[in-house]
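All residue numbers in this chain count up from 1 along the given sequence.
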Amino acid sequence: MSIRIGVIGGGTFGRNPLLAFRQLEHGGRAVLAGLADTNPELLRQRKEEFGIPVYEDHRRMLDEIETDAVSIATPDHLHREIALEALRRGKHVLVEKPLDLTEAGCRELIDLAEKNGRLLQVDFHKRFDPDHRAMAEAVRRGGLGDILYGHAHMEDRVEVPTRWFPGWAANSSPAWFLGIHFFDLVNWMLGDRPARVFATGQRGRLPGMEAETWNAIQTHVTYARGAAVTFQCSWVLPDEFEAIVNQGVRLVGSQGCWEVDSQDRGTASCLAGEGMRTHNNHFLRERADKSGQITREGYGIDSIADFVENLEFLAAGHSLEDLRGKYPSGQDAMEATRVAAAAHASLESGEPVDLSPPSGHAGESRP
Ligand SMILES: NC(=O)c1ccc[n+]([C@@H]2O[C@H](COP(=O)([O-])OP(=O)(O)OC[C@H]3O[C@@H](n4cnc5c(N)ncnc54)[C@H](O)[C@@H]3O)[C@@H](O)[C@H]2O)c1
């Protein structure tokens, strides 16, 4: 059975799900059924590239073509309404991170998905990075002992907020756009609950966006079992920096430590006109078969393929309960949202924020 999927939002990152579903279509596992995006020029380009029906209004797409599921890659603050609309119509939903910018919005989505018996998954692809999986497995089997402390960093070049999405950077922040990945990753690795959040930050330094958005945010999280992890996130690295993103994570426990540098994996180049570059080939790499057909591999694809695998599992007669704890769920995404929202509350008040235990199933998807 091929799962029919409509993509909503086909911008800079939205091209990635389009490529992933097209590839799964070649394997007979999915049908890339259509694309909705409010930008007519972008729709023209994507129609030319993918040869699929395109729509300026996602509701019209859902009215006119048959779909089992949708994949949403609109700006962060526009995920919720579109995901609710899709769930109301009985679709399974894959959403880019963050699921929503409020705990209440996440809760609304989780409740509707549960009520309608539909899969709600979030594209937290850092969980699919093989180096993170090895680290998570070592933490889970107790190889590091009790986790004491750690740190993570994720820093984009300044072109991301200023040239990729200047129209909605002010609706986001380094915590929402970048930190959220590592809030989820560390929650998942530790299988523990964030209990207290304190944040500091800097703003007003991005040319053209002086007052609008945080430039850098440092989020210090204490977990229920006592570990403390600091997350340093910014989107101010100069254009000359050797990769679009600098990122890594380190945890130290009573019996050992583990560190992943996921920006510099040891592959570097310096080409005329480009300067020094490092390459994260774990995210996406291309391979041509003998007929020239390109196959894309890496955790950027695996995370989206996991959504299709989960739908195949359900179609084979299994239940959502059978999947619990085995994918980045709406509940997991709500936990990450609670940390990002608390970081912003702490930035405003200058005080730490205590997080009460969430309702539902905290820390449900341990590695
Ligand atoms: N998983 C990741 O690592 C990762 C990386 C980058 C971005 N993202 C997420 O992907 C999402 C999109 O980011 P982006 O960089 O592609 O942004 P973008 O601005 O390049 O693309 C967003 C697209 O959504 C379209 N859009 C806006 N409102 C719409 C609506 N109501 N209906 C349909 N389309 C609409 C815009 O026209 C645009 O083409 C964001 O949530 C972002 O946080 C995830």
Side-chain angles (χ1 to χ4, degrees), residues 7-18 36-39 42 58 70-87 93-110 113 120-127 154-185 187 199 201 203 206 209 212-217 219 231 233-236 244-245 247 300 303-304 307 328-345 347-348:
V7 173
I8 304 175
T12 311
F13 197 80
R15 190 166 168 269
N16 196 50
L18 287 167
D37 194 294
T38 45
N39 179 339
L42 184 119
H58 65 278
V70 299
S71 167
I72 300 171
T74 56
D76 296 358
H77 59 293
L78 301 177
H79 294 168
R80 182 176 144 275
E81 275 307 325
I82 295 172
L84 283 171
E85 173 79 25
L87 287 167
V93 175
L94 174 68
V95 189
E96 282 307 319
K97 53 74 196 168
L99 177 57
D100 185 51
L101 304 176
T102 64
E103 180 177 353
C106 293
R107 171 52 64 203
E108 203 179 351
L109 287 161
I110 294 164
L120 174 63
Q121 182 159 343
V122 177
D123 184 20
F124 280 126
H125 57 211
K126 306 268 175 241
R127 293 190 187 193
M154 191 166 181
E155 303 160 330
D156 271 353
R157 284 204 301 245
V158 69
E159 73 184 79
V160 172
T162 58
R163 297 204 289 281
W164 285 24
F165 51 84
W168 59 274
N171 296 101
S172 183
S173 78
W176 284 118
F177 191 71
L178 303 170
I180 198 90
H181 269 303
F182 281 89
F183 301 151
D184 174 71
L185 187 76
N187 284 348
R203 60 191 307 159
L206 285 186
M209 311 187 88
E212 289 178 20
T213 170
W214 291 94
N215 303 156
I217 297 176
T219 308
F231 302 80
C233 299
S234 75
W235 45 23
V236 296
I244 189 72
V245 54
Q247 52 186 342
S303 166
I304 293 167
F307 176 64
S329 67
Q331 186 79 31
D332 296 338
M334 184 170 74
E335 284 306 294
T337 281
R338 276 158 49 95
V339 175
H344 277 274
L347 283 170
E348 296 306 328

- [ ] Hey, could you give me the CG/CD distance between Leu99 and Glu108, rounded to the nearest 0.5 Å?
- [x] 10.5 Å

- [ ] Can you see which heavy atom on Ser303 is nearest to which on Gln121, and at what distance?
- [x] O-NE2, 4.0 Å

Open item on the list: Any side-chain to backbone donor/acceptor pair from His79 onto Lys97? Under 3.5 Å, distance only.
Closed with: no

Open item on the list: One thing to verify: whether Arg127 and Asp184 come together as a salt bridge, which I'm taking to mean a side-chain N less than 4.0 angstrom from a carboxylate O.
Closed with: yes

Open item on the list: If I compare all heavy atoms of Ala343 with all of Ala199, which pair ends up nearest, and what's the gap?
Closed with: O-CB, 3.4 Å

- [ ] Would you indicate whether the side-chain heavy atoms of Trp168 and Leu78 approach each other to under 4.5 Å?
- [x] no

Task: Trp235 side, atom CH2; Asp156 side, atom CG - distance, nearest 0.5 Å - done: 8.5 Å

Task: Val93 versus Ala86, closest heavy-atom pair with distance - done: CG2-CB, 3.9 Å

Open item on the list: Within this structure, what is the CG-CG distance for the pair Leu42 and Asp37, rounded to the nearest 0.5 Å?
Closed with: 5.0 Å

Task: Side-chain touch Asp332/Asn187, heavy atoms, less than 4.5 angstrom - done: no

Open item on the list: Can you tell me how far apart OG1 (Thr337) and CD (Glu103) are? Round to the nearest 0.5 Å.
Closed with: 9.0 Å

Open item on the list: Looking at Asp100 and Pro98, would you say the former's side chain and the latter's main chain have a donor-acceptor pair under 3.5 Å?
Closed with: no

Can you give each donor-acceptor pair under 3.5 Å made by side-chain atoms of residues 172-183, sequence neighbours left out, with the distance rounded to 0.1 Å?
from   : atom 1 : to     : atom 2 : distance (Å)
Ser172 : OG     : Asp76  : OD2    : 3.3
Ser173 : OG     : Ala175 : N      : 3.1
Ser173 : OG     : Trp176 : N      : 3.1
Ser173 : OG     : His344 : NE2    : 2.8

Open item on the list: Rounded to the nearest 0.5 Å, what separates atom CG in Leu120 from atom CG in Leu87?
Closed with: 6.0 Å

- [ ] Can you see which heavy atom on Leu101 is nearest to which on His77, and at what distance?
- [x] CD1-CB, 3.8 Å

- [ ] Specify the closest pair of heavy atoms between Val95 and Ala83, including all atoms of both residues, with the distance to one decimal.
- [x] CG2-CB, 4.4 Å

TODO: Mind checking the CG-CG spacing from Leu109 to Leu84? Nearest 0.5 Å is all I need.
DONE: 4.5 Å

Open item on the list: Counting C-beta onward and ignoring hydrogens, is there a side-chain heavy-atom pair between Gln331 and Arg107 closer than 4.5 Å?
Closed with: yes

